[in-house]
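Single-structure report; data block below.
Naming: A, B, ... by sequence-line order, numbering from 1 per chain.
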Amino acid sequence: MRMTRFFGKTLREEPAEAETASHRLLLKSGMIRQVASGVYSYLPLAWRSLRKIEAIIREEMDAEGGQEVRMPALQPQELWEETGRKEAFGQSLFTLKDRRERFLVMAPTHEEAITLLVKANVRSYRDLPLLLYQIQTKFRDEARPRGGLIRVREFDMKDAYSFDADDEGLARSYEAMVRAYKNIYRRCGLPAVQVEADSGAIGGKDSHEFLLPTESGEDVMLQCPGCGYAANAERAESVKPPQPQDEEVPLPLGVVHTPGIKTIEELSAYLGVSKSKTLKAVFYSSDGQAVFIVIRGDLEVNEVKLKNLLHCRELRLLATDGEVEGAGLVAGWASPVGLKGVFTVADDSIKQGSNFVVGANRPDYHLRNACYPRDFQPDVMADIALAQAGHACRRCGTPLESRRGVEIGHVFKLGTFFTERLGAAYLDRDGVQRPIIMGCYGIGVGRLLAAVIEQNHDDKGILFPPAIAPYQAHLVALNVDDPQVSAAAEDLYLRLERAGLEVLYDDRQETAGVKFNDADLLGFPLRIVVSPRNLKQGSAEVKLRHEKEAQMVSMDEVVERAKATLQGQKEE
RNA sequence: CGGGGUGUGGCGCAGCGGCAGCGCGCCUGGUUUGGGACCAGGAGGCCGGCGGUUCAAAUCCGCCCACCCCGACCA
């Protein structure tokens with residue numbers, strides 16, 4: 001493709017709306033253009049790269065026996081009501097009405113549709129196992145789209161669905177998908193980390209996420225350098241830091257004046273006690289019901305663990321003072337001691353140690369020496385604390401480390417949630433009807449592109465891994481007014497294309513600086529420069545994007561050298 | 001949904017009661033030619049929308065909308 005004919009322009013100025021590297025570079029390189037919040041058009045560069053990512057995904061899915069299908073984006077709302085997922089998705093679900101006033105859903109994912117499809121086609125255990133997948137546009141009305149292609153409302157996603165007769169089969173399917181995902185990330189040049197994940201509202205057994213470590217990531221993972229344990233912070237377990245003076249004897253409860261002291265920070269400083277010797281009170285609304293949480297002052301509540309514990313649909317902090325007071329609580333000085341009529345959940349950290357400082361349930365006073373269970377008894381006691389860096393690993397005791405990351409894949413063992421609700425069953429060897437056992441496995445294609453750029457860039461621009469670069473080579477002609485240059489460049493362009501290389505040919509009348517900067521910004525693996533200076537030696541310059549030095553190659557050998565160099569890159 | 005911010009040409013921004021501007025990009029001509037050149041001439045705007053105040057509104061006031069960031073949310 002000639003750049004003079006090419007659709008898409010690079011920007012000189014930094015786009016103001018972009019914060020993360022991938023968002024900035026996608027805009028600056030002219031690959032994407034925003035149409036609405038979380039909705040983008042994809043220009044040729046982006047689309048070429050996305051199609052390559054899809055091709056890799058297809059190859060790896062097919063290699064594990066996957067078969068591609070296509071399903072509707074438009075689905076009847078009843079289908080989503082049957083599985084209860086209209087409720088589960090809530091406002092994230094895009095819905096619309098047709099001319100006959102029937103309600104439809106713009107599918108955010110396709111478990112329902114695929115289950116119906118399988119139900120219609122599977123009768124016997126002989127039809128199983130089955131691995132189906134689709135790469136299609138999905139719609140989610142996200143609360144907050146962000147980060148360019150990281151979180152969008154209309155996006156292409158590969159979803160694979162496995163159907164097995166038993167748990168062993170599911171385990172095999174799951175392992176196959178984990179294997180495929182690792183291959184996909186490797187081929188895209190992404191050092192993904194597999195972490196244990198929360199399985200969400202639907203439940204199910206195992207679930208793993210693949211995270212790309214990056215500061216701009218939305219997720220936090222905890223990793224153990226000792227034994228390799230890795231989990232999303234939502235899910236991670238840890239040994240809570242032990243109390244220093246565990247054997248001290250319980251002292252009598254006492255009142256202490258704490259004017260205006262509301263936070264744990266202030267309390268700890270004011271009284272000169274460590275945060276772990278205080279108890280923190282947090283209030284939530286669980287499906288509209290007020291819940292009182294007690295947790296040691298040095299820990300934070302893990303809302304996912306709490307949500308799973310309460311089996312509620314919506315969990316949020318009590319927002320306003322009015323809500324807090326309405327529940328009979330005193331913000332800032334709330335306490336489980338003497339509290340009545342509010343459902344109370346305690347983190348099991350409070351069992352460690354004694355003589356805690358807690359609120360007094362009246363403004364400007366706290367209590368000293370509160371002890372469990374002497375002074376209060378919660379309704380439920382469980383692990384609801386957020387694991388943090390520095391906490392010891394449950395398995396080996398090594399201090400955990402934390403990192404941020406972008407989720408670039410998620411695999412679930414779903415079990416029979418959908419097949420039971422939608423009646424997808426098979427007859428086993430003994431003629432007994434059983435629900436089919438499902439797994440599902442998702443990768444966002446656009447997010448993967450963003451992740452690749454997030455991972456592979458420098459201050460000049462993108463460094464595309466060869467496997468997914470929009471073009472393999474950037475042919476730059478310097479001083480195209482020089483007939484010798486244009487003739488030599490034209491000839492080389494044709495020879496490169498004939499040799500099967502994907503090449504973007506910069507035949508524009510621009511200065512060297514503009515062309516080099518654009519080449520660095522777009523970041524194709526190979527750059528080839530034809531210029532008067534090089535031609536004097538009968539040569540062109542061949543340079544890899546990630547290397548500093550170019551090599552002079554005689555014009556006759558450029559095509560071969562380019563092919564060989566790219567081949568070498570792919571094998572790395 | 002809560003908090004913060006921004007809407008002025010394709011991009012980045014200034015102007016904040018009195019003729020709508022600057023830089024980049026774009027078009028034409030010329031000079032240049034190895035890391036975002038120079039000169040000259042040009043095109044391009046319902047100043048997010050609606051309403052109000054005023055002799056006069058991009059500018060002041062009100063309402064609305066869109067977009068960005070933080071949080072909530074997130075199969």
(request) Would you mind telling me which of B:rC68, B:rC74, B:rG35 lies closest to the side-chain atoms of A:F516? (result) B:rG35
(message) Between C1' on B:rC74 and CZ on A:R153, what's the gap in Å once rounded to a whole number?
(response) 14 Å
(request) Using the six-membered ring wherever Trp is involved, compare the ring planes of A:F6 and A:Y471 and label them parallel, tilted or perpendicular (cut-offs 30° and 60°). (result) perpendicular
(message) Using atom C1' in both nucleotides, what's the gap between B:rA57 and B:rG18 to the nearest angstrom?
(response) 10 Å
Any protein N or O atoms within reach of nucleotides 22-31 of chain B? Criterion: under 3.5 Å, listing atom names and distances.
from: B:rG23; atom 1: N2; to: A:E13; atom 2: OE2; distance (Å): 3.0
from: B:rG25; atom 1: OP1; to: A:R12; atom 2: NH1; distance (Å): 2.9
from: B:rG25; atom 1: OP1; to: A:R12; atom 2: NH2; distance (Å): 3.4

(message) Base, sugar-phosphate or nothing for A:G147? Non-hydrogen atoms, less than 4.0 Å.
(response) sugar-phosphate
(request) Pick base, sugar-phosphate or nothing for A:R140, based on heavy-atom distances below 4.0 Å to the nucleic acid. (result) sugar-phosphate
(message) Under 4.0 Å, heavy atoms only, any strand: does A:D481 hit a base, just the sugar-phosphate, or nothing?
(response) base
(message) Measuring only the C1' atom in each nucleotide, how far is B:rG10 from B:rC73? A whole number of Å is fine.
(response) 35 Å
(request) Ignoring the backbone of A:R144, work out which of B:rC73, B:rC68, B:rC69 is nearest its side chain. (result) B:rC69
(request) Please state whether the base of B:rC68 and the side chain of A:R146 form at least one donor-acceptor pair under 3.5 Å? (result) no
(request) Decide whether A:E111 and A:T109 meet the rule of one side-chain donor and one side-chain acceptor closer than 3.5 Å. (result) yes
(request) Kindly indicate whether the side chain of A:Q136, heavy atoms from C-beta on, has any atom under 4.5 Å from the side chain of A:H110. (result) yes
(request) In whole angstrom, give the distance that lies between atom CD of A:E19 and atom P of B:rG71. (result) 12 Å
(request) Answer yes or no for A:R179 and A:Y181: cation-pi contact, defined as NZ/CZ to six-membered ring centre under 6.0 Å and angle to ring axis within 45°. (result) no
(message) Check this for me, if you would: do A:D518 and A:R508 make a salt bridge, where the nitrogen-to-carboxylate-oxygen distance has to be below 4.0 angstrom?
(response) yes
(request) Please state the P separation for the pair B:rU54 and B:rG48 - nearest whole angstrom. (result) 23 Å
(request) Please list every stem that involves RNA chain B, where a stem is a run of 3 or more consecutive Watson-Crick or G-U wobble pairs with both pairing distances under 3.5 Å. (result) B:1-7 with B:65-71, B:10-13 with B:21-24, B:26-31 with B:37-42, B:48-52 with B:60-64
(message) If I take atom CG in residue A:D506 and atom C1' in nucleotide B:rU33, what distance separates them, rounded to the nearest angstrom?
(response) 14 Å
(request) Grab the CD1-P distance between A:I32 and B:rC11 for me, whole Å please. (result) 14 Å
(message) For the C1' atoms, the ones on B:rC50 and on B:rG71, what distance do you get once it is rounded to whole angstrom?
(response) 32 Å
(message) So, does A:T511 get its side chain near the phosphate of B:rU33, meaning an N or O under 4.0 Å from OP1 or OP2?
(response) no
(request) Could you please spell out the steps behind the side chain to side chain donor-acceptor pair (under 3.5 Å) verdict for A:E420 and A:T416? (result) CA-CA 6 Å; A:E420 278 183 20; A:T416 57; 2.8 Å; yes
(message) I want to verify a distance call: between B:rC73, B:rC67, B:rU33, whose nearest atom is closest to the A:S37 side chain?
(response) B:rC67
(message) Checking side-chain polar atoms at under 3.5 Å, does A:H474 have a donor or acceptor matched by the opposite partner on A:K515?
(response) no
(request) Determine the interatomic distance between C1' on B:rC55 and the same-named atom on B:rC60; round to the nearest Å. (result) 16 Å
(request) Output the single nucleotide from B:rG12, B:rG36, B:rC73 whose closest atom is nearest the side chain of A:E303. (result) B:rC73
(request) For A:L11 and B:rC13, give me the distance from atom CG to atom P, rounded to whole Å. (result) 12 Å
(message) Angle between ring planes, A:Y40 versus A:H23, binned at 30° and 60°: parallel, tilted or perpendicular?
(response) perpendicular
(message) Just to be sure I understand the rule, does A:R24 reach a base, reach only the sugar-phosphate, or reach nothing, if contact means heavy atoms closer than 4.0 Å?
(response) nothing
(message) For the P atoms, the ones on B:rG44 and on B:rC22, what distance do you get once it is rounded to whole angstrom?
(response) 14 Å
(request) Please state whether the rings of A:F94 and A:F139 are parallel, tilted or perpendicular, taking 30° and 60° as the class boundaries. (result) perpendicular
(message) Please check if the number of heavy atoms outside A:E81 that lie under 6.0 Å from its CD is greater than 12.
(response) yes
(request) Tell me which of A:E407 and A:E17 sits closer to the 5' end of RNA chain B, going by the nucleotide each one is nearest to. (result) A:E17
(message) I'd like to know whether the aromatic ring centres of A:H208 and A:F210 sit less than 6.0 Å apart in this structure.
(response) no
(request) Check every strand shown and say whether A:D520 touches a base, only sugar-phosphate, or nothing at a heavy-atom separation below 4.0 Å. (result) base
(request) Could you tell me the separation between the NE2 atom of A:H474 and the P atom of B:rG35, rounded to a whole number of Å? (result) 16 Å
(message) Please classify the nucleic acid contact of A:A512 as base, sugar-phosphate, or nothing, using heavy-atom distances under 4.0 Å.
(response) sugar-phosphate
(request) For B:rC11 versus B:rA72, give the span between their P atoms, rounded off to a whole number of Å. (result) 32 Å
(message) If I pick the P atom on B:rG36 and the same atom on B:rG29, what distance separates them, to the nearest angstrom?
(response) 25 Å
(message) Exactly one of A:L521, A:I462, A:L522 should register a side-chain contact (heavy atoms from CB on, under 4.5 Å) with A:K28. Which one does?
(response) A:L521
(request) Whole angstrom is fine here: how far is it from CD in A:E234 over to P in B:rC73? (result) 9 Å
(request) Remember a base hit wins even if backbone is also touched, and classify A:Q34 as base, sugar-phosphate or nothing at under 4.0 Å, heavy atoms. (result) sugar-phosphate
(request) Using heavy atoms to find the nearest nucleotide of RNA chain B for A:M157 and A:E14 separately, return the residue whose nucleotide is more 5′. (result) A:E14
(message) Rounding to an integer number of Å, can you tell me how far A:N302 CG sits from B:rA72 P?
(response) 12 Å
(message) Given B:rG36, B:rA72, B:rC74, identify the nucleotide with an atom nearest to the side chain of A:K307.
(response) B:rC74
